[in-house]
Each structure stands twice: as C-alpha cells, then as structure tokens.
Amino acid sequence: MHADTGGLAMCSPQWVRQRQCSSNTICIFISYVNIFFVLFLCNIINITEAAAATIKLPGNASVSAVIIFGDSIVDTGNNNNNFKTLARSNFPPYGKDLKGGMPTGRYSNGKVPSDLIVEALGIKELLPAYLDPTLQPKDLLTGVVIAAGGAGYDPLTAQVAGVASLSDQLKQFKEYIKRVKAIAGEERTNFIISNSLIFVVAGSNDISNTYFLSGIRKLEYDVPSYTDLMINYASEFVKDLYGLGARRIGVLNSPPIGCVPSQRTVAGGVLRECDEKQNQASQLFNSKLSAEADELNKNLPNSRVVYIDIYNPLLDLINNPTKYGFEVANKGCCGSGIIEVTKLCNQIQPAGTCSDDSKYVFWDSYHPTERAYKIIVQQILDKYTNFFF
C-alpha cells in the first residue's frame with residue numbers, strides 16, 4: 001500500500017494540533033480520540049513506507065500485505081526452533097551479507113525472494129517468519145512468511161524432512177487471520193487478506209528428494225503419476241487459500257532442479273552435468289501446473305491465480321552466467337560448492353566460503369545467492385505483477 005503526500009501530511013504534529021478543539025470538555029475528548037486514531041493510522045503508513053517501491057502498480061491498485069507459503073526458497077526462519085529437522089540455516093555463514101551479518105534462518109548469503117518482493121513493492125525491507133518469537137503485532141498487518149524449508153506439495157516430503165507440511169502451514173494461516181482480526185477487526189482483516197499478494201513456492205523438494213534421491217515414491221508412482229499427485233495437492237491448497245479469503249495467488253513453478261550443484265554431484269556423472277531426468281520431471285509438472293492455474297481461474301470467482309515461471313529465468317542464469325556478470329554456475333560459494341547445504345554449510349568446514357559471492361549463481365549447493373535472486377525476482381515482478389489486478 002502506498003501513501004500519498006496528503007496521507008503523510010496528517011502525521012505531522014502541526015496537522016494534529018490544527019485538529020484539536022479549544023474549549024469544551026466534549027471537544028477535548030473528541031480531539032484525543034482523533035489524535036489516537038491519527039497516530040494509529042500514521043503507524044500503519046510508516047510501516048508501509050519502510051521501503052521505497054521499485055515496482056509501479058497499475059491504476060489505483062494497492063497491496064496490503066504479502067504472505068508466502070512453501071519451502072526454503074522463501075523461508076525466512078520458520079525452522080529455527082524446529083530441532084526435529086536438519087533443514088535449518090540459522091548459523092554462519094548463512095546471512096553473512098544481511099545487515100549486521102547475522103544468520104536469521106534464510107537459506108542464502110542475504111535476502112531471499114520473500115524480502116525482495118516486499119522491498120520492491122515498498123511494503124517493508126524484510127518479510128519476517130511467522131514463527132519468529134520476536135514478531136510484533138504490527139508486523140502481521142503487512143504480511144509474513146509461513147513457508148518451511150524442506151516442505152513440498154506431497155505431505156510425505158515434509159514428513160521425511162521433519163518440517164511443517166502445507167496443511168500445517170494452512171493451519172498457521174488460519175491462526176494468523178485470527179491474530180490479525182484481534183488487531184484490526186474482521187472487516188479490515190478481510191480487506192487485508194483479499195488485497196494481499198499470496199505466493200506458493202513448492203515442488204522442487206518433492207521431485208529432487210522424495211522422488212529421485214530417496215526413491216520413496218518410485219515404489220508406487222512413475223513420473224507422470226507422481227506429478228499428477230503433486231498437482232492434486234497444489235490445486236487443493238490454492239482452493240483452501242481461496243476459501244480463507246485469498247484472491248491474488250501466485251503459484252511459482254518448479255526450477256530446473258537437476259542443474260543445482262547438489263543434484264549435478266549426485267546424479268550428473270563424472271562431469272557433473274545437469275540431471276535431465278529431474279529437469280524433465282520439473283517440466284512435466286510445470287506444464288500441468290500452468291493448465292491447472294487456468295482451470296482455477298475459471299472456477300474461483302474474482303480470483304487471480306497467476307502461474308509464475310522461474311524455471312527458465314534460473315536456467316538462463318545457469319546456462320549464460322557471464323550475460324549477468326556471474327562467473328560460476330555449477331558450484332555454490334559455500335565450502336567445495338558441490339554438496340554443502342544447511343548443516344554441511346557451516347563455519348567449521350575447512351573450505352570456508354568463496355571470496356566474492358556476487359560472482360556465484362548459487363550460495364550453497366541448492367540455493368541461489370541474493371544477487372541471483374534479485375535478478376530473478378525483478379524479472380518475475382516485471383512480467384507478472386499486472387496479472388494480479
């Protein structure tokens with residue numbers, strides 16, 4: 001949401017003083033009520049003015065909040081206190097390029113797509129994790145990340161990783177709505193939810209971990225039937241979000257998971273080529289997801305379900321790194337770059353980190369660097385923002 005100059009003017013002390021009455025008790029009482037309201041409203045304006053918008057919204061469109069579900073691509077710290085899982089990143093060298101160089105649970109050297117989206121929209125600089133114990137009530141009004149690293153559309157994916165599944169994340173969303181209602185009331189909450197941008201980022205863990213790496217689902221599904229299973233869960237999740245009031249829902253497709261450094265190492269042979277089997281599975285899933293998004297748009301009144309392609313933007317960075325000023329695209333910056341991720345990417349592993357992560361597409365063996373994320377997020381916002389309105 002963007003405040004104009006007139007809105008900011010009423011936050012000045014002069015404006016408040018000019019609105020105060022001068023004589024009777026009733027008028028003074030009304031003045032204090034008005035002042036309280038103005039200060040409350042100004043607080044909301046100040047929250048939304050925390051970052052300078054770089055994306056222009058069409059017409060009179062506004063975005064009240066950003067709420068994100070899914071996996072480690074967008075998680076900003078929801079697994080920090082989940083000691084059942086190894087899928088955590090709240091330790092150095094993760095977060096070394098964030099303000100203060102502190103690890104926060106973001107799976108990169110700095111900001112992740114969640115942060116870059118709200119920053120581009122001018123909402124706030126960082127999108128907090130819903131389970132962050134320091135989360136303030138005012139933070140809820142402009143959105144949170146409910147995603148958990150290690151999750152997927154397939155419930156088995158989250159179960160094996162020991163993290164919150166999408167159904168768990170949906171429960172947290174219901175709780176989030178209740179908390180916002182307690183702060184802003186039901187009518188305002190309904191407006192916030194319906195005018196939020198909701199993003200769902202999942203699928204890569206299903207394909208790389210649950211199907212190919214562990215082989216658990218191979219016992220009962222081939223790739224076409226497994227991607228059908230994923231689509232069924234994805235579709236139901238979007239419908240559930242819609243049932244809770246969400247109307248602008250962006251669904252990101254699966255990346256070229258066979259080309260991330262860890263999958264090159266595990267399945268790319270001696271030369272560490274991209275694993276085309278995983279990429280083909282991603283492409284099949286993506287084609288089905290695109291078609292399902294079209295169907296959801298037809299069947300969910302007043303909705304904007306936007307299919308967002310990140311497969312091709314990331315693949316272009318990997319295949320043409322020098323075009324974007326990168327030098328290394330087949331290894332991560334952390335450690336040897338070929339296998340280290342989460343617990344293996346730590347301060348005590350002997351290889352340390354690369355001297356300049358801005359030259360790397362990947363931070364660890366699975367997740368891109370902040371610089372790579374910035375390029376991809378800018379491309380998708382430029383391409384897809386208007387489809388939400």
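Model, not experiment: these values are computed from the prediction.
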Practice task
Please determine if Arg248 forms a cation-pi arrangement with Phe389, meaning its NZ or CZ atom is less than 6.0 Å from the six-membered ring centre and no more than 45° off the ring axis.
Solution key: no

What I want to check is whether the side chains of [X] and [Y] have a donor and an acceptor closer together than 3.5 Å.
X	Y	answer
Thr189	Lys181	no
Thr265	Arg272	yes
Asn312	Asp309	yes
Asp382	Gln378	yes
Thr210	Thr157	yes
Tyr153	Asn232	no
Ser225	Asp228	no
Ser165	Asp168	yes

Taking the side chain as every heavy atom from C-beta outward, state whether [X] and [Y] have any atom pair closer than 4.5 Å.
X	Y	answer
Glu340	Asp364	no
Asn253	Ile308	no
Asn330	Val328	yes
Tyr94	Asn346	no
Asn81	Pro133	yes
Val238	Val251	yes
Val74	Ile117	no
Cys274	Glu276	yes

Below 4.0 angstrom, N of the basic side chain to O of the carboxylate: do [X] and [Y] qualify?
X	Y	value
Lys96	Asp357	yes
Glu175	Lys178	no
Arg217	Asp154	yes
Glu370	Arg106	no

Practice task
Determine, stepwise, if the pair Tyr324 / Asp316 fulfils side chain to side chain donor-acceptor pair (under 3.5 Å).
Solution key: CA-CA 9 Å; Tyr324 300 94; Asp316 196 41; 2.3 Å; yes

Practice task
Count the heavy atoms of every other residue, nucleotide or ligand shown that sit under 6.0 Å from CD of Glu187, and state whether that count exceeds 12.
Solution key: no

Exercise for the section: Indicate yes or no for a side-chain donor-acceptor contact from Gln263 to the backbone of Gln278 under 3.5 Å, with no hydrogens or angles considered. Expected result: no

Taking all non-hydrogen atoms of both residues, which atom of [X] and which atom of [Y] are closest, and how far apart?
X	Y	result
Ser208	Ile257	CB-CG1, 3.6 Å
Asp71	Asn205	CB-ND2, 3.6 Å
Ser254	Ile207	OG-CD1, 3.8 Å

Problem - Set of residues satisfying side chain to side chain donor-acceptor pair (under 3.5 Å) with respect to Ser355, sequence neighbours excluded - result: none

Exercise for the section: I would like to know whether Ser204 and Tyr366 meet side-chain contact (heavy atoms from CB on, under 4.5 Å); could you show each step before the answer? Expected result: CA-CA 10 Å; Ser204 58; Tyr366 205 87; 3.9 Å; yes

Practice task
State the CD1-CG distance between Ile67 and Leu241, to the nearest 0.5 angstrom.
Solution key: 9.0 Å

Exercise for the section: State the CD-CD1 distance between Glu295 and Ile231, to the nearest 0.5 angstrom. Expected result: 12.0 Å

Problem - Single hit among Tyr360, Tyr107, Phe362 for ring-ring contact (aromatic ring centres under 6.0 Å, His included) with His367 - result: Tyr107

Fill in the blank from the handout: Hits for side-chain contact (heavy atoms from CB on, under 4.5 Å) against Glu273, two or more places apart or cross-chain, chain-then-number order -> Leu271

Problem - Proximity of Phe237 and Phe69 rings by center, below 6.0 Å - result: yes

Handout entry: SG-SG distance Cys354 to Cys333 under 2.5 Å
Key = yes

